[in-house]
Amino acid sequence: MPATPARSRAPLALALVVVAVAVAVQALLVPLFAAPAANLAPRDLPVVVAGPAPLAGELADRLAAARPGAFEVTVVPDAATADRALRDREAYAAFVAGPDGVALHTAPAASPTVAALLGEAAGQLSGGRPVPVVAVVPADPDDPRGAGFAAGFLPFAMTGMLAGALLALLVRGRVARLAGLVGYAVLAGAAGTLVLHDWLGVIDGSWLAEAAAVSLFALAAAGTVAGLGAVLGRAGIGLGALLVFLLGNPLSAVSAAPELLPQPWGAIGQWLPVGAGGTLLRSTAFFDGAGGEQAALVLAGYAVAGLALVLLARSAAPARTPGADPAAREARPAATAH
């Protein structure tokens, strides 16, 4: 029987809708990923100015005047206090004023990108003269630019999203899903640390602390997707993917620093799993956990919320196709007999 015009037009209309939605999503995602990277610049970046009161005050004023709004300046009396602020992740660098000029103390482990930018700023303040640079908290020697850390961390978000989606789609029963989430988190923490710490050597802190940080992130990412998927179905999985990857990845600042992104996006990124996970692992690997308290609480919140959603969701029975239904198989021969 030939297809009616209405039936032939329906697949074409659906194809056009799919194409329009895909292009619209692309138009949103390209600027979401590209704009933060294309507009990296200091915005209220925490720095320290250290030295005797007259010199330090003058240097702080010059720094604020040179780039208005770029720096959040704290003045301290000496270099030792400034270095302590760097180790505690209270600032990214310190401009140390002395009788011989300005020296720059940096924490490349916090962000090699920021350390490079501040090196340029110090050169401008010194009138083009060479500025001594002291790396108080250096980056790992096997990853001086931090590219390995960023590239190695972001796949954790993809695998966490995938694990959560598969558990929501394929596994039935609250207990089984919970066991899957916990098992995934433990194994992901161990495997991820083995790769980043032992194999690639891009992190060099306490192995157990690093594994715990990766496990917490894995539980937060997978738990968010699995929990939303358990409650809302496929729409929940899409929402979880949006939070964990599509929004979380470009706003995470894992390869830069939150204060370099346009605001408020840099701050928002730290309240999403990827941004919080990157901050926590960096703090654990290079700063003995300093500066990672908020990130740990954010990840714990996502993890607890995800597990709670899994517990609260109704345990749906596996979907059956008509051919797989025993009653349907029994009824089919009877209907044929008649």
Side-chain angles (χ1 to χ4, degrees), residues 87-89 107-112 137-144 146-167 177-227 240 243-245 248-249 252-255 269-307 310:
R87 295 189 183 95
D88 291 340
R89 293 207 75 182
S111 172
V137 189
D140 192 283
D142 292 328
D143 186 31
F149 179 93
F153 182 80
L154 291 179
F156 294 161
M158 291 185 284
T159 54
M161 180 178 63
L162 177 63
L166 292 177
L167 286 170
R177 283 175 175 166
L178 289 176
L181 286 171
V182 173
Y184 165 72
V186 172
L187 292 176
T193 307
L194 280 171
V195 172
L196 292 182
H197 184 114
D198 298 295
W199 181 8
L200 301 178
V202 299
I203 55 177
D204 193 23
S206 164
W207 199 96
L208 289 177
E210 291 166 352
V214 176
S215 291
L216 180 58
F217 168 70
L219 185 60
T224 297
V225 177
L243 290 173
V244 171
F245 190 74
N249 182 16
S252 66
V254 171
S255 61
Q270 295 302 297
W271 291 94
L272 296 174
V274 181
T279 295
L280 180 61
L281 183 58
R282 194 180 291 279
S283 292
T284 302
F286 301 110
F287 296 89
D288 293 327
E293 296 84 1
Q294 175 184 311
L297 290 174
V298 169
L299 292 176
Y302 278 100
V304 170
L307 295 176
V310 170

Partner residues of Leu162 under the side chain to side chain contact (heavy atoms under 4.5 Å, CB included) criterion, sequence neighbours left out: Leu166
Residues forming a side chain to side chain contact (heavy atoms under 4.5 Å, CB included) with Leu187, sequence neighbours excluded: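 Leu187 satisfies side chain to side chain contact (heavy atoms under 4.5 Å, CB included) with no other residue.
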Spacing of Thr224 atom OG1 and Leu181 atom CG [to the nearest 0.5 Å]: 9.5 Å
Leu272 side, atom CG; Leu243 side, atom CG - distance, nearest 0.5 Å: 6.5 Å
Of all the heavy-atom pairs spanning [X] and [Y], show the shortest one and how long it is.
X: Pro108; Y: Ala139; result: CB-N, 3.8 Å
X: Ala157; Y: Phe245; result: CB-CD1, 4.2 Å
X: Pro138; Y: Ala109; result: O-CB, 3.4 Å

side-chain hydrogen bond (donor to acceptor under 3.5 Å, both in side chains) pairs, two or more places apart, involving residues 181-196: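 Checked against side-chain hydrogen bond (donor to acceptor under 3.5 Å, both in side chains) - neighbours excluded - the pairs reaching residues 181-196 are Thr159-Tyr184.
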Side chain to side chain donor-acceptor pair (under 3.5 Å) involving Arg282 - partner list, sequence neighbours excluded: none
Side chain to side chain donor-acceptor pair (under 3.5 Å) partners for Ser252, two or more places apart: none
In a table with atom names and distances, give each donor-acceptor pair under 3.5 Å that connects a side chain of residues 284-307 to protein atoms at least two apart or in another chain.
residue: Thr284; atom: OG1; partner: Leu280; partner atom: O; Å: 2.8
residue: Glu293; atom: OE1; partner: Gly291; partner atom: N; Å: 3.4
residue: Tyr302; atom: OH; partner: Trp271; partner atom: O; Å: 2.8

Working for side chain to side chain contact (heavy atoms under 4.5 Å, CB included), residues Leu194 and Trp207: CA-CA 9 Å; Leu194 280 171; Trp207 199 96; 3.8 Å; yes
Any side-chain heavy-atom pair of Thr279 and Arg89 under 4.5 Å: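 Yes, close enough: below the 4.5 Å cut-off.
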Using distance only, find each side-chain donor-acceptor pair of residues 208-223 under 3.5 Å and give its atom names and separation, not counting sequence neighbours.
residue: Glu210; atom: OE1; partner: His197; partner atom: ND1; Å: 2.6
residue: Glu210; atom: OE2; partner: Gly205; partner atom: N; Å: 2.5
residue: Ser215; atom: OG; partner: Ala185; partner atom: O; Å: 2.9
residue: Ser215; atom: OG; partner: Ala211; partner atom: O; Å: 2.9

Criterion side-chain contact (heavy atoms from CB on, under 4.5 Å) against Phe149, the qualifying member of Leu281, Asp140, Leu196: Leu281
